[in-house]
There are 2 protein chains.
Amino acid sequence: MQLSQAKQLVEASISRKDLCMVVGTCFVDYWGRAASKLPKGKRLLLIKGDNSFAVHQNRLLRPTNYMMNARINCELVGNNLVLSAKKTNPKEEIKTIFYSIDAVHSHEMGSSADLRLFGSERELSNELMQDLGFLEQGLRPLNQEEVLRKGLVDILAEDSFGRMVVIELKRRKADYNAVQQLKRYVDQVKKIKSKQTRGILIAPEIGRHSLELLERYGLEFYSLEFEIGNPKAKIKGIQKKQKTIDRYF
Amino acid sequence: MQLSQAKQLVEASISRKDLCMVVGTCFVDYWGRAASKLPKGKRLLLIKGDNSFAVHQNRLLRPTNYMMNARINCELVGNNLVLSAKKTNPKEEIKTIFYSIDAVHSHEMGSSADLRLFGSERELSNELMQDLGFLEQGLRPLNQEEVLRKGLVDILAEDSFGRMVVIELKRRKADYNAVQQLKRYVDQVKKIKSKQTRGILIAPEIGRHSLELLERYGLEFYSLEFEIGNPKAKIKGIQKKQKTIDRYF
DNA sequence: GCTGGGAGAGGCTTA
DNA sequence: TAAGCCTTTCCCAGC
């Protein structure tokens, strides 16, 4: 395919905010947050209507080079067609130098309705909040604006002995971060309220080392089974997966 | 375009491990680690030679739905062409139901040479390791296989007083995680070696709260300036951005 | 505009 | 395979 013809097709496609796909042999040079060079090879350049710019190889989900909200330029330089994407703050540039172009595909895509996702952490949190007794008898939620509003903790509650209970919910396997995040919150609540404060981590599972750390901190872990469905995620079961830690209180 | 014809093109493309692009109007249903429904609309389905499967809208870099190493199936169901991707462990499924197809593009992509990236954390770490005196006089690297090999710490060193020094390097702004990661490593090294151990965090910058936490832990922070170039990332300067904490030792 | 934090994170390396 | 960790993380929601 003629590079000059490709140039016209690409420019027209971009100006219409179509989905633009350029397939050809190119070299890619990136400089910005890091730097990279992608050797000459057959690639797909995907330019979307929001000026996102992505160079894909024929493997992996993620593009090898990419830029969001790019200023896109297309020009003939010598015997090559150079498609570049630039951005400031941080300053970044991708240059894709096409030696030959197999095809330029342009498609009008209309406006896109949004994805509706179920089973988010927020949704599970709301679900759990509905019935904390499910977790432990006598546990009741506290709507402490100053703590909850700033997203400091997922759920703040009080147990039957009047102790504060900070609950952190993770929809995926809990790791060190989850444990230490909970530790920080417990420490802060303890300090603000000047009351005994427990910390409960709830997740589908937890790594062995993370569990050890959690136990050293005197925190509690419950394993959560949840069910993903429509229109909501449902909590199926919850189980204490830990030796009792009442000795800490 | 005829759906039956599209089916043939897609199947042929997949069997050749070509890059396959399907543009058309579809509805997407996902169930697995979460659940989602993408309303009917014009989408791009990108199937790569490694069986990665991604549904793109005409915006954003990331696909709305995706699966790696999928078992891909293509069949006519009533008046629709259904392209689905399935996986076990965890069990997941994406169903894309095409009501109409604008185009199927297939391109032979050859094998792809790899991306060469500069300025990664690993590279900066190697660069810094070349001259630790740059950071502090008398500091020298220890190549403790048992500690370094498992990626426990970025750099392990010994200072002029014979104290162990754990160095954690971040190529981006350091956060709570970085501080607590360093804290964990320091604790572990201290335990293993039974020696006084310092912890140094090196990053371009650090948040105010993260710095406070770091200071409470008795750790040290150095701000790092680096320059990304070809063929290597270079460390330009390093500077202690903290009141001296010798009182801790 | 900058920032903190979640994500179906992705993807890599080593145990 | 599982665990840990880096990423040009991407992306959104809050300020």
Side-chain angles (χ1 to χ4, degrees), chain A residues 28 30-36 38 50 52-55 59-70 85 87-94 114-115 117-125 149-152 154 168-178 181 204-210 228 233, chain B residues 30-36 50 52 54 59-69 85 87 89-94 114-115 117-125 146 148-154 168-173 175-178 181 184-185 205 207-210 228 233:
Chain A
V28 185
Y30 164 73
W31 190 94
R33 282 171 287 177
S36 72
L38 181 65
D50 63 348
S52 60
F53 182 103
V55 179
R59 59 186 288 270
L60 300 184
L61 290 165
R62 290 168 64 95
T64 52
N65 291 95
Y66 48 87
M67 194 179 297
M68 259 301 279
N69 300 118
K87 223 174 90 152
T88 48
N89 196 14
K91 196 176 176 189
E92 294 183 287
E93 177 167 10
I94 301 174
D114 251 358
L115 183 75
L117 180 67
F118 311 108
S120 66
E121 187 175 310
R122 180 56 165 277
E123 209 179 19
L124 286 176
S125 178
R149 277 266 298 291
K150 50 184 357 185
L152 195 61
D154 286 347
E168 177 70 24
L169 182 64
K170 293 290 171 201
R171 66 176 310 290
R172 296 186 303 156
K173 184 170 183 171
D175 58 10
Y176 285 124
N177 283 344
Q181 192 180 358
E205 48 176 339
I206 186 169
R208 194 169 51 81
H209 291 103
S210 301
I228 294 155
Chain B
Y30 164 75
W31 190 94
R33 281 172 283 179
S36 72
D50 63 348
S52 60
R59 59 186 291 270
L60 301 185
L61 290 165
R62 289 170 63 96
T64 50
N65 292 94
Y66 49 88
M67 194 179 297
M68 259 300 277
N69 299 118
K87 224 172 89 147
N89 194 14
K91 196 176 175 187
E92 295 183 285
E93 178 168 7
I94 301 173
D114 252 357
L115 183 75
L117 180 67
F118 311 107
S120 65
E121 188 175 306
R122 180 57 166 277
E123 209 183 18
L124 288 175
S125 178
E146 81 271 27
L148 286 174
R149 277 263 298 289
K150 52 187 352 186
L152 191 61
V153 299
D154 287 347
E168 178 68 26
L169 181 67
K170 293 289 171 204
R171 67 181 306 289
R172 297 185 303 157
K173 183 172 181 171
D175 57 9
Y176 283 127
N177 285 343
Q181 191 181 359
R184 281 200 308 275
Y185 295 161
E205 47 176 341
R208 196 171 52 80
H209 291 101
S210 302
I228 294 155

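Scope of the values below: all heavy atoms of this structure, side chains included, with no hydrogens, waters or symmetry mates. The sequence lines fix the lettering, A, B, ..., with proteins before strands; numbering per chain opens at 1.
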Could you tell me whether [X] contacts a base, only the sugar-phosphate backbone, or nothing, with contacts defined as non-hydrogen atoms closer than 4.0 Å?
{"X": "B:Arg171", "value": "sugar-phosphate"}
{"X": "A:Asn89", "value": "sugar-phosphate"}
{"X": "B:Gln181", "value": "sugar-phosphate"}
{"X": "B:Glu168", "value": "sugar-phosphate"}
{"X": "B:Ser120", "value": "sugar-phosphate"}
{"X": "B:Ser210", "value": "nothing"}
{"X": "A:Lys87", "value": "nothing"}
{"X": "A:Met67", "value": "nothing"}

Separation between the P atoms of D:dG4 and D:dT8, rounded to whole Å: 23 Å
D:dC5 versus C:dG8 - spacing of their P atoms, nearest Å: 23 Å
With respect to the side chain of [X], which nucleotide from [options] is positioned closest?
{"X": "B:Tyr66", "options": "D:dT8, C:dG11, C:dA9", "result": "C:dA9"}
{"X": "B:Arg59", "options": "D:dG4, D:dC12, C:dA9", "result": "D:dC12"}
{"X": "B:Leu60", "options": "D:dC11, D:dG4, D:dC6", "result": "D:dC11"}
{"X": "A:Arg62", "options": "D:dC10, D:dT8, D:dC6", "result": "D:dC10"}
{"X": "A:Arg33", "options": "C:dA9, D:dC10, C:dG11", "result": "D:dC10"}
{"X": "A:Asn65", "options": "D:dT8, C:dG8, D:dC11", "result": "D:dT8"}

Would you say the side chain of [Y] lies within less than 4.5 Å of the side chain of [X], judging by non-hydrogen atoms?
{"X": "A:Val28", "Y": "B:Leu115", "value": "no"}
{"X": "B:Gln181", "Y": "B:Lys170", "value": "yes"}
{"X": "A:Met68", "Y": "A:Glu92", "value": "no"}
{"X": "B:Ile228", "Y": "B:Arg171", "value": "yes"}

Rounded to the nearest Å, what distance is computed from the [atom1] atom of residue [X] to the [atom2] atom of nucleotide [N]?
{"X": "B:Asn177", "N": "D:dG4", "atom1": "CG", "atom2": "P", "result": "14 Å"}
{"X": "B:Leu117", "N": "C:dG10", "atom1": "CG", "atom2": "P", "result": "20 Å"}
{"X": "B:Tyr176", "N": "C:dG4", "atom1": "OH", "atom2": "P", "result": "9 Å"}
{"X": "A:Glu121", "N": "D:dC12", "atom1": "CD", "atom2": "P", "result": "18 Å"}
{"X": "B:Asn69", "N": "C:dG8", "atom1": "CG", "atom2": "P", "result": "19 Å"}
{"X": "B:Tyr185", "N": "D:dG4", "atom1": "OH", "atom2": "C1'", "result": "7 Å"}
{"X": "B:Asp154", "N": "D:dC6", "atom1": "CG", "atom2": "P", "result": "7 Å"}
{"X": "A:Phe118", "N": "C:dA7", "atom1": "CZ", "atom2": "C1'", "result": "17 Å"}

Does a nitrogen or oxygen in the side chain of [X] sit under 4.0 Å from OP1 or OP2 of [N]?
{"X": "A:Arg122", "N": "D:dA13", "result": "no"}
{"X": "B:Lys170", "N": "D:dT7", "result": "no"}
{"X": "A:His209", "N": "D:dG4", "result": "yes"}

Set of side-chain hydrogen bond (donor to acceptor under 3.5 Å, both in side chains) partners for A:Asn177, sequence neighbours left out: none
Distance-only donor-acceptor test, A:Asp175 side-chain atoms vs D:dG4 base atoms, 3.5 Å: no
B:Arg172: partners by side-chain contact (heavy atoms from CB on, under 4.5 Å), with sequence neighbours left out: none
B:Met68 or B:Tyr30, whichever maps to the more 5' nucleotide of DNA chain C: B:Tyr30
Of B:Ala34 and B:Gly207, the one whose closest DNA chain C nucleotide lies more 5': B:Gly207
5′-ward residue of the pair B:Arg172/A:Lys173 relative to DNA chain D: A:Lys173
Side-chain (A:Ser52) to main-chain (B:Arg59) donor-acceptor, under 3.5 angstrom: no
